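For reference, the structure is listed below as C-alpha cells.
These numbers were taken from a predicted model, which means no experiment stands behind them. Chain naming here is simple, since letters A, B, ... match the order of the sequence lines and numbering starts at 1 in each.
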Amino acid sequence: MTERRKEALEPWRDPNAPSYVAIENVSKRFGDFIAVNNVSLKIYQGEIFCLLGGSGCGKTTLLRMLAGFESPTYGRILIDGQDMTDIPPYERPVNMMFQSYALFPHMSVEGNVAFGLEQEKVSKSQIKERVGQILDIVKMSTFAKRKPHQLSGGQRQRVALARSLVKRPKLLLLDEPLGALDRKLREHTQFELINIQEQLGVTFVVVTHDQEEAMTLASRIGVMNRGEIVQIGTPHQIYEFPSSRFVADFVGSVNLFDGRLIEDEPDHVRIKCEDFDAPVYVDHGLSAPPNSLLWVAVRPEKIALQREKPESSDNVARGVIKEIAYMGDLSIYVVKLPSGREVRVTQANSARKSEERFTWDDEVWLHWDGSSPVVGTG
Amino acid sequence: MSKPGQLGVSERIGDRWDPFWTFMYRFGPLRWSSYVREYWGGRRLVIAVPFVWLTLFFLIPFVIVLKISFSEVQLAIPPYAPLYEWVSAQVVAIKLNMANFHFLFTDDLYISSYLYSVKVAAISTFLCLLLGYPMAYAIARAPRNLRNVYLMLIILPFWTSFLLRVYAWIGLLKNNGVINNVLMALGIIDEPITMMQTDFAVYIGIVYSYLPFMILPLYTNLEKHDLTLLEAAQDLGSRPWKAFLRITLPLSVPGIVAGSLLVFIPAVGEYVIPSLLGRTDQLMIGRVLSDEFFSNRDWPVASAVAILMLILLIVPITIFQHFQNRELRAAK
Amino acid sequence: MSARRSFLLPTLLAFGFAFLYVPILSMIVFSFNNSRLVTVWDSANSPTVKWYVLLFENRQILDAAWLSIKIACVNATGAAILGTLAGLVLSRFGRFRGRTLLAALTTAPLVMPEVIIGLSLLLLFVALEQAVGWPAGRGVTTITIAHITFSMSYVAVIVQSRLSSFDDSLEEAAMDLGARPAKVFGRITLPLVFPAIMSGWLLAFTLSWDDLVISQFVAGPGSTTLPMVIFSKVRLGVSPDVNALATIMVLVVAIGVVLSALIMQRQERRRQREVQMAAAGD
C-alpha cells in the first residue's frame, strides 16, 4: 500500500470542498433488473478513485454512465460543475481506457493516439507534437509506426493509456486496467500509472474486482455490492475500519466471529464469542443496544502465535495448527480451535532458522490486542 | 441541460415520444440509447433504405401474389381480373375467387407434384447429408494448413455457373454419355443404362449442386468442437465410434439442421435441375408453376401454386431463420 | 486413432472431390472434341479448338455475355450497398420498431425458391406498370432490380456475421474519443468490414451472372442474359460450344479463386509472424 505523497490532499474531509465529479442519486434499470441503485458519490480533482466489487455489482455500469454509453434511469451526473447526464460520449471531456484496450487494428500506434485529437480539429503540427509527447511519457515512441497486432499485451496497454490521455480529459475512466497483465508486469504498471497520474494531474476513476489493485492505486475506494455503494474510504480506512461484514470479508482476508455484548463501558467492551473460551476485549466503546448480536473481525496479521500461554485473560484462544502455507515472505497458518472453527493467522518469516518455526499439529496459543478487532452490527 | 431540481430527459413527461422512449428503456439495453435522440434523423434514414427496398421489392410482391391467386383468369393484359369492382357509386364488391385453390386441391396433377417435390427434396437432402457430413468432418479434422486448401476446392465449383454444372451431368448421364460409354467399353454392360430423365438424375443433380451449402455450415460447426471432449471420452473408456455417436454427433446437430434446411427449402422449388435432368411424366412443383405461368398463361393458378408452396415451406423457413439468429447471437 | 479410422476419412474425401470435379473436367475435355455429339470422341479430328473459335463469332452469346456482365456489376454494387446497410442495422442498431420484420425480410431470400421470387417480382412490375406507368416493359432495369433484391441478402448475412464477431468496444472507443456516429462508421467500422463487403460484392456478382430462373420471369424482349441463352441451347441436348464456354468460365474462376486464396494465405502468414514477434518482445 502506498501512501499519497501529498498528504494534505484529502479534500473529502472538508464538507465544503467543491467536488469535481458528482454522482447524484443515480439509478440504472435494465428491464426488471436494477444494476445501479441510488448511488451518490463525490469525486475530487486529482484523485484516483476506485470502484471495487465483485462481478455483477454494478461498477462497470456506473463507469459506463460516467462515460456516456449508458444513460441513468434516474439521477444526474455532474462533471466540473456541468450537468453531463444527457451529453453523448463524444461530447464529454471524459476518456476511457477499455479493458480490452480497443486499439484500432487498421491504424498504427501514432494513428490510434492521434485519432482523438483529429476529432477536435487540432492543427496537424500540434497533433504531431502532442502525440510525440504522450508517447514519450508512456515510453512507446520507438513503436510509433507499428500496428496493434505487432505489439505485446503490455505495450498495447501503454498505447491505450496514451490514446486516452492525449486529449487531456478532465476525467479518465479505467476499466480493469491491470486485469490482462501477468503478476510482475502488473506491479510495475501499477506504479507507472500512479506516476503518470501525478505527473499529469488527471482525475482517475478505476473499476476493478481485484482488491490488491484497488489498494495500491486508489486514494479512495468505493466498495460496491448489488448496485449500491457500501463504503467509501481510503484504503487504510476500508481495510482497518470496515463498516459492514461484507466489506470486512471482501477486502483482504479476515476472521469473522459472531458474538454477544456482555460488558458495555464507555471506554471498552467485552464480547462473548462461541468459538473462544475467553471474552474478546475491545478498547473502545460501541453504540449498540445491550445484548445485541455483533460481528467481530480480526485480520490474520493482527493475531500472534505462541507456544506459551499468554498472560492476558482476554483475547486469547487455544488451538492446533492444521495447515501451513509457506509463501516465502510470510506464512499462513490455519489453526483449529476446540470449537471446530478454523482461524487464519499470518506471520512474517523473520527467523530463517527452522527450529523456531511452527509445524503441523503443534498446540499453540493465539492472542491479539484490544485495538485489533473491528466490531459492527451490520 | 437541466438545472438541479428539474427532471432529467428520462423523466420528462408530456413528451410526444415518451411511450416510445419508455419502450426503449424498458425492453433491453439499447445501444447508444441516450444520444440516439439527436441522431434519430440520420439513423432512421439508414434503417429506412434497406427496409423500404425490401418491403417494396420483396414483401409487397408476395401480397400481390396472394391477391392474384384469388382472382380469375382472363384474356387480357394483364391476364387476370381485378379483385374488386364498383357495383354502384358507394359499394365495392370484392370477389375472392377460390376456384384456383379448389382446382389445385382437386386436380391430381398438383397434389402429386407437391408430394413428389417434397419427396425428391427430402431424399436429395438426406443423400447430400450422407456425403457432405463425412466430407465436412474430414476437412475439420485435417491439419490446419490443408483445411484452407480443401475449403477452397469445395467452394471453387460453387463460383462457376450452376447451370453449367448441371449441364455437365447431361454429358455424363446420357445414353451415349461418358458413364455409359465407359461402362460399355469395360464390358460391364451391353446396353446403355437410362439415367437421364429419371429420379436418380435429379437426386444426383441436387446433391451435386447443393453440396457446398451442406458442407459449409457443417464444417463451421464441426470445426468449433473441442477435441479434448473426445479425448476425455476415450480416456474414460469409450471407443472412438461411440465417442463420435454420443459427443460429436449431438453437438453437430445445429450444423446438420442449417445445412439440411439450406438444401431442402430451395430444392423443393427447384426448376433448372428437373427441367434438364428430370422426368417428363412427373413434374416438380417449380416446373408446374413455370408451365402454368408461361405456357398456360394462367397467372392466377400459378399464383395459387406459389402461395401453397410458400405455406408448405413456411415452417422450414421459420426454423431456418430461428437458427440463423441464434447462431449470430451466439457469435457475439 | 486406429489405423482403420485414418484410412476411411481421406478416402471419402477423395471420393467427394472426385464427385465434384469429374463432371467439370469431362466438360472441359470434351470441349476439345471435334464431334458435334460431344461425348463421342472423334479421335480422327480431335483435339480441336474450333468450338472456341465459333464461340467468339457467335453474336448471340457474346451480346448476352456482355449484358450479363453489365447487369452483374450494377447488381453487385447495389447489393453491396444495400446489404451492408442492412447488415449494419441488424447487428449494431440494437432494438427498434420493426427489427424482427427487417431481419425476416433480409434472411428470407436466402432460402426462398427462385420461382416464387421470380413470379412475385414479375407480378409486381406488371402491377406497377398498370398503376404508375413505370417500369415501362421488362428489361434490363427489372432484371437488375430483381437481382439486387435477392443478392443483398447474401451480402447482409456476410456483413452481419463479420460485424457480430467484432469487438464493438472499438466503436465505443472511437465515440469516447470524440467521433460522432457517422464518423465512427466511416473511419472505424467500414475499413474493418471492408473485406467482408468485398467478398459480398463478388458473391452478388456471381449470383447475378449465373441467375436463370428469376431472369426468365422478369426479362423482356431484347434483354436476354447469358444463362437464358445457354438454357435454351441445352434444353435440346448437349452442345459443344457450351462446353467451350464452360471451360473458359471455369478457368477464369479457378484462376481468380486460387490467386485470392494464395494472397490471403501470404497475408495471414505474415501477420502471424508479426504477432509472434511482438509477444516475444514484452
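- With a threshold of 4.5 angstrom between heavy atoms, Leu103(A) approaches chain C through N, CA, C or O but not through any side-chain atom.
- One finds the CZ atom of Arg271(C) at 9.0 Å from the CD atom of Gln150(A) (value rounded to the nearest 0.5 Å).
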Where do Glu172(C) and Arg64(A) land on the side chain to side chain contact (heavy atoms under 4.5 Å, CB included) test, with the steps shown first? CA-CA 10 Å; Glu172(C) 282 188 348; Arg64(A) 285 172 64 85; 2.8 Å; yes
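- Summarising the local packing, CE of Met264(C) is surrounded by 12 or fewer heavy atoms from other residues, nucleotides or ligands at distances under 6.0 Å.
- When every heavy atom of Leu170(C) is checked against every heavy atom of Pro105(A), the shortest pair comes out as CD1-CD, 3.8 Å.
- In this structure, the portion of Met107(A) lying under 4.5 Å from any heavy atom of chain C is its side chain and not its backbone.
- Other residues, nucleotides and ligands contribute over 12 non-hydrogen atoms within 6.0 Å of the CD atom of Glu192(A).
- The environment of OH in Tyr21(C) is crowded: more than 12 heavy-atom neighbours from other residues, nucleotides or ligands sit within 6.0 Å.
- Ion pairing between Lys147(A) and Glu274(C) fails under the 4.0 Å rule for side-chain N and carboxylate O.
- Using a 4.5 Å cut-off on side-chain heavy atoms (C-beta onward), Ile188(C) and Phe115(A) make contact.
- Side-chain contact between Gln119(A) and Arg187(C) is present, with at least one heavy-atom pair separated by less than 4.5 Å.
- Residue contact with chain C, scored on non-hydrogen atoms closer than 4.5 Å, involves the side chain of Phe98(A) exclusively.
- Chain C forms the most heavy-atom pairs under 4.5 Å with one residue out of Arg163(A), Glu120(A), Gln99(A), and that residue is Arg163(A).
- Residue Gly178(C) comes nearest to Tyr90(A) through the heavy atom pair C-CB, 3.5 Å, listed as atom of the first residue, atom of the second, then distance.
- The closest side-chain heavy-atom distance from Asp176(C) to Ser164(A) is not below 4.5 Å.
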